[in-house]
Amino acid sequence: MSAFYDHFSRHAHGEGLKAHSTHYCPGCGHGVAHCDLADAIDELGIQDRTVLISPVGCSVFAYYYFDVGNSQAAHGRAPAVALGHKLAHPEAVVICYQGDGDLASIGLAETISIAQMGLPITVIFINNAIYGMTGGQLAPTSLMGQNTTTSPGGRNATMGQPLKMAELIAQLDGPVYVERVALFDTRERVKARKAIKKAITNQLEGRGYSFIEIIAECPTHLKMTPQEAVEWVKTKMEPVFPLGVKKDLTVEPWFKRDAPVFEPEAVLGLSGAEPRREEEVRPAPTWPAHLPARDVAIKLAGSGGDGAQTAALLLTRAAIAEGYDATAIPSYGPESRGGTSYADVHIAEFEVLDPAAPEPHALIAFNAPSLAKFAATVPEGGLILYDSTVITAPGDLPENRRIIPVPFTGIAVDLGRAMVKNVVALGALQAALNLLPEGSVLATLHHVLKDKPALLPLNEAAFAAGHQAVMAAQVPV
Amino acid sequence: MSAPVRPKPFLEPMYCKGCLRCIDACPRDCITPGTEINPATGLVPVRLHLENCNGCTLCIQACPEPYGLRLETEPPGFEGDFVLEDPAKLFGEKCVPIHSEGDLPDNHIALPACEAMVLKGNYAAAIGALLAGCRHFFGYPITPSTEGAELMAKILPRLNGSFVQAVSEVAAVNMMYGTGGAGLPCMTFTSSPGFSLMLEGISYMIGAEVPGVFVNIMRAGPGLGNIAPEQSDIKLACRGLGHGNTRAIVLAPSTPQEMLDLTREAFALAFRYRNPVVILGDGFLGQMTGKVRLPATMIRPGLPAWAVWGDRAHRHNLINSIALAETDLEAHNHHLNRKYAAISACEQRVDCYRCADAEVLVIACNTPARMAKGAVEAARAQGVKAGLFRPITLWPFPIDTLAEILPGVHRIVVVEAGPGQLEDELRLALSHAGIAPPPIDYVRRCGGFLPPQAEILAGILAPEEVPA
């Protein structure tokens, strides 16, 4: 009896009778199930480790009675709360106690998904075929023809057939043990106690998820005496919800979690942080006088796979390494998964303010739709670089812009890999815009490819070739 | 040799509800229905006739009441001289609550100096959470927040943490209720439609005083809207965190650096106040890559005394949000109100740029605050004394600082990527503070557009030309 509080101080502040009496109606199955669960907790010696999740429904107040760690969940969400507790403290014994409205109606998504995850928690499901707390409405498990306040003519087919949760849960791959038990006579009560104990033991031993459905009596809302309700469960419910083991896998203990890691080296390493380099401090570069503002916007546009996003990030990294402020924003919509893909880069002497580039000072266009879409957004005096391998008919382009066709793809293919066309484009941009110091993007390339040194010569060659192509075109900066 | 005498059942009549389950259970017909109404309960308890009882206990197993039929050896202190009206004497002393030994404090661990990182805002927020000691993530993928979840999925398992992609945002927030209720830092990344789904759970977390951090990378609505940036959930975060009397600190970063810093700080605030904390970023902030410096320390979280942890020290604890008695619930609301008042007094945060002599005060947060800063500089270049008031906490709104600035301000221009939710917060804060503000104009875009610097400048310079 020790898994119950000596004094139900949470039940109406433990005053008078309430200190030792439950809130359940005479003959309610919840009370029997509570006693069975309390005995199991006691016999297994797990009272200190137990966390009981109370649901919404008549058993919302289970925490009044069980002298264990208690958490009361929102309607239907008890398995989610249980999972949160189990993952927080895997040594805790987490027991999820739910009624039929909670588990089989509003909480179906949580019930099924968390059962399928298979983590070792124990779910006790009280199925009494009716809503108790709200006052006798149709439950997902109400029987066909059953009169309730929301099925006044009896449950019919359009309201759905009663949901057989034990069978449904047993169909899933996650659970290791599923049994339906009853409380209507001594024999079944003995089985119920055994099942509850086994379901908890499975958790204790780390074997997996267990689910016990208990068909139970609700005399009040069945409008019966307690004894009539017992008889009704035995003769009417049991044929619809056949008792017995629905699933019982032999599974070796597997659930074990090591303590979370808080080593700085591990956290920083996984986050991609690098120790501060002891390099000589380079003098801060001088913002190029030929550029119009102290914040330059560059748009890189192409189709998915052109490498516009990668090039944008390289440029951003290079600028930040030089001590400038820089930002990159990708187009992140569905179109970035295969359609057009563009990125807006800002490089500012001190601080990037507007990170978008509706009117970029420079445009790099990898394909014709990008050129057509964005060329007109480049203001007068701006720069347009485009891939003349791909865009053979650039159409009408705005005047008073520096327009430089460079065969990004052709150069990259000549070097052996079309995918470096974005680095060709960065070389071309370096030559045409001369924003960052010479060698800045290359230094960043060295850094990001430090684990793939084999790729470095190709990328260096691509950058140089793009640079060369613009210089050869002799377009004045 | 006779069999050992086993203890027999014992029944205190006032704890019998007369359901008669025990009668069928008894194989020796030792129990009969009662005939007298118990004056204490109005119910009719059964009667025991134990002459034939062999102590099989089957009746006890049938009894639904914990203190109904029990063995006569219970309780240990029972000696037969009890006074029936005194349950404490009958059942022993009222249980002594097992209090925990106090909070196990957080441990701050020094970090080595690191290079500045170049990070997308979503990644920065995730790293901020890791450095705050968060090892539990529950979420559901939704653009434009997903990279945060993806980075957590990659890193957390290697730190023996937990990443769970839940069946829905509804499940995710309730997993947070579980882990937060167990006293550990946990978080989610989401975006506007997902945040809507989490609101019910946030109400429960606030009611039950469960900490947790929500990073909401807002996108344009209503409905499915689109995935472009909008400041669409200021109303939800500041005014609409589910049902009931709910408040949470709402932090509004405007750079990838603040995505890290404020997310990290959010965990401390969540545990300081035992309350969820919301980070509101816009789609651009989630997606924007920029320079991010790491802090000097990281945190190994302790365990608060109130946690439902699953051990002896925390056994008496309860996480719940239900209080059936009106007096209890009103008292709980008073408690929450005191907490909200403390937050309002202590946690207002704001960044003021050239506000000291500002005559036109631009109020903006998140990415639009960046454009607004450019517009303020441009206006200053034209001789207009403009300033930028950038709330970092949207709730509590930094009204105290605003009140100091306002006497010199001729006009306020609220800049928003959204339909006016920031302006609503401003007007409510002014009204509650009893401040009569100067004229309030606005520059707004929505649907996924951010207000460009040129439009903001126009709004600063020429109020009559503010676009509707």
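Since this is a predicted model, take the numbers as computed values, not measurements. Order of the sequence lines fixes the chain letters, A, B, ..., with proteins taken first and strands second; residue numbering starts at 1 for each chain.
- For a residue to count as touching a neighbouring chain, one of its non-hydrogen atoms must lie under 4.5 Å from one of that chain's; by this rule A:Tyr65 does not touch chain B.
- Proximity to chain B involves both the backbone and the side chain of A:Leu270, based on heavy atoms less than 4.5 angstrom apart.
- Proximity of B:Val308 to A:Asn70: side-chain heavy atoms (C-beta onward) are nowhere separated by under 4.5 Å.
- Between the B:Asn160 side chain and the A:Ala259 main chain, a donor and an acceptor come within less than 3.5 Å of each other.
- Heavy-atom minimum distance, A:Pro264 versus B:Ile109: CG-CG2, 3.5 Å.
- Heavy atoms closer than 4.5 Å to chain A are found in both the backbone and the side chain of B:Val170.
- Across all non-hydrogen atoms, the minimal contact from B:Cys63 to A:Cys35 is O-SG, 3.7 Å.
- For B:Gln61 (side chain) and A:Val190 (main-chain N/O), no donor-acceptor pair under 3.5 Å exists by modelled atom type.
- Between B:Pro66 and A:His34 the shortest side-chain heavy-atom distance does not fall below 4.5 Å.
- Closest heavy-atom contact between A:Gly27 and B:Cys19: N-CB, 3.1 Å.
- Remark: B:Glu115 CD is packed, more than 12 non-hydrogen atoms of other residues, nucleotides or ligands lying under 6.0 Å away.
- Residue contact with chain A, scored on non-hydrogen atoms closer than 4.5 Å, involves the backbone and the side chain of B:Ile155 alike.
- Contact annotation: the side chain of A:Tyr24 never approaches that of B:Pro64 to less than 4.5 Å [non-hydrogen atoms, C-beta and beyond].
- If you measure heavy-atom distances from B:Lys154 to chain A, you find no contacts under 4.5 Å at all.
- The contact between B:Met288 and chain A is made by backbone and side chain atoms together, counting heavy-atom distances below 4.5 Å.
- Neither the backbone nor the side chain of B:Leu156 comes within contact range of chain A; no heavy atoms are under 4.5 Å apart.
- Of the listed residues (A:Glu265, A:Arg193, A:Met117), the greatest number of heavy-atom pairs within a distance under 4.5 Å of chain B belongs to A:Arg193.
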Exercise for review: Could you give me the CA-CA distance, side-chain angles and deciding distance for A:Gln227 and B:Asp24, then say whether side chain to side chain contact (heavy atoms under 4.5 Å, CB included) is met?
Suggested key: CA-CA 9 Å; A:Gln227 286 176 309; B:Asp24 287 343; 4.0 Å; yes
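- Between A:Ser331 and B:Gln287, the closest side-chain pair of non-hydrogen atoms is not below 4.5 Å.
- Looking at A:His11, there are no atoms closer than 4.5 Å to chain B (heavy atoms on both sides), in backbone or side chain.
- In this structure the side chain of A:Phe61 reaches within 4.5 angstrom of the side chain of B:Ile322, judged on heavy atoms.
- The two atoms that bring B:Pro301 and A:Phe262 nearest to each other are CD-CE2, 3.3 Å, heavy atoms only.
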Review point. What do the steps show when you test B:Lys373 against A:Glu351 for side chain to side chain contact (heavy atoms under 4.5 Å, CB included), and what is the final call?
Key: CA-CA 10 Å; B:Lys373 190 173 181 182; A:Glu351 182 181 7; 2.8 Å; yes
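- The minimum heavy-atom distance between A:Glu110 and B:Val167, with the atom names listed, is N-CG1, 4.4 Å.
- When heavy atoms are compared at a cutoff of 4.5 Å, A:Ile112 does not approach chain B at all.
- Put simply, of B:Gly283, B:Cys186, B:Ser321, the one with the most heavy-atom pairs under 4.5 Å next to chain A is B:Gly283.
- For B:Pro185, no part lies near chain A; criterion is any non-hydrogen pair under 4.5 Å.
- For B:Arg300, the parts lying near chain A are the backbone and the side chain together; criterion is any non-hydrogen pair under 4.5 Å.
- Residue A:Asp185: no heavy atom, backbone or side chain, is found under 4.5 Å from chain B.
- Using a 4.0 Å cut-off between charged side-chain N and carboxylate O, B:Lys291 and A:Asp325 make no salt bridge.
- Interface remark: B:Ser203 contributes no atoms to any contact with chain A (heavy atom separation under 4.5 Å).
- Using a 4.5 Å cut-off between heavy atoms, A:Val94 does not touch chain B at all.
- Looking at B:Glu200 and A:Arg77, their side chains come closer than 4.5 Å, going by heavy atoms from C-beta outward.
- A:Gln47 touches chain B through backbone and side chain together, each having a heavy atom under 4.5 Å away.
- Taking 4.5 Å as the limit, some side-chain heavy atom of A:Thr22 sits within range of a side-chain heavy atom of B:Lys17.
- Note: A:Arg317 CZ to B:Leu119 CG = 8.0 Å, rounded to the nearest 0.5 Å.
- Atoms OG1 and CG, from B:Thr179 and A:Leu83 in turn, are 7.5 Å apart once rounded to the nearest 0.5 Å.
- Top candidate by heavy-atom pairs under 4.5 Å with chain B, chosen from A:Ala343, A:Ala356, A:Pro355, A:Gly29, is A:Pro355.
- Contact of the A:Leu17 side chain with the B:Tyr15 side chain is registered, since non-hydrogen atoms from C-beta on lie closer than 4.5 Å.
- Neither the backbone nor the side chain of B:Arg219 comes within contact range of chain A; no heavy atoms are under 4.5 Å apart.
- Listed options A:Glu217, A:His30, A:Arg10 were ranked by heavy-atom pairs under 4.5 angstrom with chain B; first place goes to A:Arg10.
- Heavy-atom distances place the backbone of B:Ala110, and not its side chain, under 4.5 Å from chain A.
- In terms of heavy-atom proximity, A:Leu87 sits nearest to B:His136 at O-NE2, 2.9 Å.
- Interface remark: A:Ala74 contributes backbone and side-chain atoms alike to the contact with chain B (heavy atom separation under 4.5 Å).
- With a 4.5 Å cut-off on non-hydrogen atoms, A:Ser271 touches chain B through its backbone and its side chain both.
- The greatest number of non-hydrogen atom pairs below 4.5 Å with chain B, out of A:Val56, A:Leu268, A:Leu183, A:Val230, is found for A:Leu268.
- For chain B, the nearby parts of A:Arg49 are the backbone and the side chain; heavy atoms of each come within less than 4.5 Å.
- Proximity to chain B (any heavy atom under 4.5 Å) is restricted, for A:Ile114, to the side chain, taken from C-beta onward.
- Across A:Phe8, A:Phe4, A:Tyr5, a single residue satisfies ring-ring contact (aromatic ring centres under 6.0 Å, His included) together with B:Tyr67, and that is A:Phe8.
- At a 4.5 Å heavy-atom cutoff, the contact between A:Arg189 and chain B is made by side-chain atoms alone.
- When heavy atoms are compared at a cutoff of 4.5 Å, B:Asn107 does not approach chain A at all.
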